[in-house]
Amino acid sequence: MTGTELRAKRFKVLLAGVFSQLLCIGVARFAYTPLLPVMQQQTGLGDADGGWLAALNYAGYMLGAVLAASIRSIYLKDWLYRIGLVLAVVTTAGMALTEHFWLWAGLRFFAGLASSASMLLASGLILHWLIQHRQRGELGIHFAGVGVGILLAAVAVEVMLRLSMSWQLQWWGFSALAVLLLIPAWRWLPRPVKPVAGGASASAEQNKPPSRTFMRLMMAAYFCAGYGYVISATFIVTIVEREPLLAGAGNWAFALVGLAAAPAVMWWDLIARRIGYLGALIAAMLLQVVGIVLPAVTSSLPAVLFSAVLYGGTFLGCVSLVLTMAGRLYPASPARLMGRMTLAYGVAQIIAPALTGMLAEMTGHYGIGLWLAGGFVALGAALLAWLRVVDQTAQRLDAEAKATTYG
């Protein structure tokens with residue numbers, strides 16, 4: 001393969017990851033957020049039930065994360081990735097076929113399971129291909145697909161609303177889009193080839209397991225980050241649409257979230273090179289606190305849109321920084337730590353939307369849920385600040401980040 005052919009192939013592999021994110025995250029996972037107000041208006045879905053559907057979606061994602069972390073075979077991961085792509089299409093179409101809550105619940109659970117295919121399995125498969133072909137192992141473009149997927153979901157719902165399409169027709173519209181996205185996501189990611197013998201054992205010696213203090217504080221902080229992330233990810237459109245002065249702006253706020261999230265991984269990588277991984281993570285979480293609580297403080301449109309930019313520009317940065325640290329500590333088997341961290345993040349994502357939905361149904365608003373989410377993220381930032389001071393692993397990771405050269 002010539003240099004030009006290799007560069008073209010690398011571009012298609014990275015685009016396969018982007019299309020998988022558009023399908024599994026943008027459509028299968030996040031189409032629900034802008035469609036939730038429409039479903040509530042047209043089907044009578046309550047706040048508590050809406051929260052439970054979101055919780056089950058994240059439960060499915062957490063199961064997928066556990067499976068991704070426990071499977072060793074790269075070939076099995078490839079098959080599960082492709083099954084996840086098909087599952088994303090099927091669960092999206094299934095939402096239009098019923099109004100039964102428990103059928104919706106099952107579909108949202110399996111849609112969450114499918115979303116782990118693009119976030120975790122695809123990222124591992126892409127890294128495997130890049131390493132096999134001596135390419136730089138960077139996933140910024142892949143994770144940018146999450147932000148683009150959110151933007152796609154928000155704009156698609158806004159367009160379909162202007163065409164006066166019912167909630168069912170909108171799910172069918174997303175299903176058609178999902179089929180189109182499936183094709184490049186499937187075709188452009190090559191099947192894995194057998195690795196060079198001895199490579200894994202040699203690289204296993206590079207693992208630098210973290211201390212117990214690091215793991216305990218980091219997992220607690222990441223739990224807090226997960227709690228804060230999921231509230232805005234699930235309810236931001238509903239929260240905005242319920243404000244009389246903001247009616248009609250919900251989808252645009254969600255689109256801004258996606259627009260800000262798309263380049264977030266690259267931004268926070270650069271920031272980490274200046275102030276270290278822990279410093280960047282603390283900064284991202286503190287900014288996220290502001291983004292989460294602003295809609296509870298004011299119903300001003302500029303403030304709410306600014307909160308969407310703050311939230312979108314930080315939540316994906318938090319995830320990428322933590323996954324990068326996992327790769328630094330376990331370069332030979334990053335899934336080991338990624339799985340444990342994702343488990344902590346995922347447990348919060350199950351608890352938070354269910355609790356917030358019930359609180360909203362009892363009080364008639366999402367204010368308490370937003371303040372609770374902001375408080376959790378602030379607590380997580382405080383735990384990380386403590387970790388940065390007391391633990392040598394954290395200090396070493398920050399030093400390594402600052403020592404990374406540009407280029």
Side-chain angles (χ1 to χ4, degrees), residues 25-26 30 33-34 36-37 143-144 146-158 161 224-272 274-275 279-321 352-353 356 360 365-382 384:
I25 303 295
F30 279 128
T33 298
L36 178 57
F143 286 115
V146 176
V148 178
I150 292 172
L151 177 63
L152 176 68
V155 172
V157 169
E158 184 65 26
L161 282 174
C224 293
Y227 192 105
Y229 149 74
V230 74
I231 301 306
S232 294
T234 303
F235 299 113
I236 186 170
V237 178
T238 302
I239 291 168
V240 173
E241 289 295 332
R242 287 197 182 176
E243 291 290 338
L245 297 177
L246 301 178
N251 289 327
W252 297 116
F254 196 50
L256 273 179
V257 170
L259 198 61
V265 172
M266 282 76 84
W267 287 344
W268 288 106
D269 179 58
L270 292 174
I271 292 169
R274 297 289 187 186
I275 62 176
L281 196 50
I282 292 166
M285 290 177 73
L286 290 176
L287 286 173
Q288 191 175 115
V289 172
V290 179
I292 289 170
V293 302
L294 260 181
V297 175
T298 177
S299 58
S300 161
L301 180 59
V304 170
L305 295 180
F306 181 58
S307 79
V309 172
L310 284 179
Y311 169 73
T314 54
F315 83 87
L316 195 56
C318 291
V319 173
S320 67
L321 288 168
T356 302
H365 60 81
Y366 286 91
I368 295 174
L370 289 172
W371 280 108
L372 192 58
F376 265 103
V377 179
L379 174 61
L384 291 174

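Computed from a predicted structure; not experimentally measured.
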Would you find a donor on one side and an acceptor on the other, under 3.5 Å apart, between the side chain of [X] and the backbone of [Y]?
X      : Y      : value
Thr33  : Ala233 : yes
Glu241 : Gly248 : yes
Trp268 : Gly313 : yes
Ser307 : Val304 : yes

In Å and rounded to the nearest 0.5 Å, what is the [atom1] to [atom2] distance from [X] to [Y]?
X      : Y      : atom1 : atom2 : answer
Phe254 : Thr238 : CZ    : OG1   : 10.5 Å
Leu281 : Met285 : CG    : CE    : 6.0 Å
Ile25  : Phe143 : CD1   : CZ    : 9.5 Å
Ile275 : Ile282 : CD1   : CD1   : 8.0 Å
Phe235 : Leu36  : CZ    : CG    : 7.0 Å
Ser299 : Ile239 : OG    : CD1   : 13.0 Å

Which pair of non-hydrogen atoms, one from [X] and one from [Y], has the smallest distance, and what is that distance?
X      : Y      : result
Pro353 : Val230 : CD-CG1, 3.7 Å
Val377 : Gly228 : CG2-CA, 3.4 Å
Ala260 : Pro263 : O-CD, 3.3 Å
Ala262 : Ala144 : O-CB, 3.0 Å
Ala303 : Leu294 : O-CD1, 3.6 Å
Ala308 : Leu256 : CB-CB, 4.2 Å

Tyr229: partners by side-chain hydrogen bond (donor to acceptor under 3.5 Å, both in side chains), with sequence neighbours left out = none
Would you mind reporting whether [Y] and [X] have side-chain heavy atoms less than 4.5 Å apart?
X      : Y      : value
Ser232 : Val257 : no
Phe30  : Leu152 : no
Tyr227 : Leu372 : yes
Trp371 : Val293 : yes
Val290 : Leu286 : no
Asn251 : Leu161 : yes

Under the side chain to side chain contact (heavy atoms under 4.5 Å, CB included) criterion, do Leu310 and Thr314 qualify, and how do the steps go?
-> CA-CA 6 Å; Leu310 284 179; Thr314 54; 5.6 Å; no
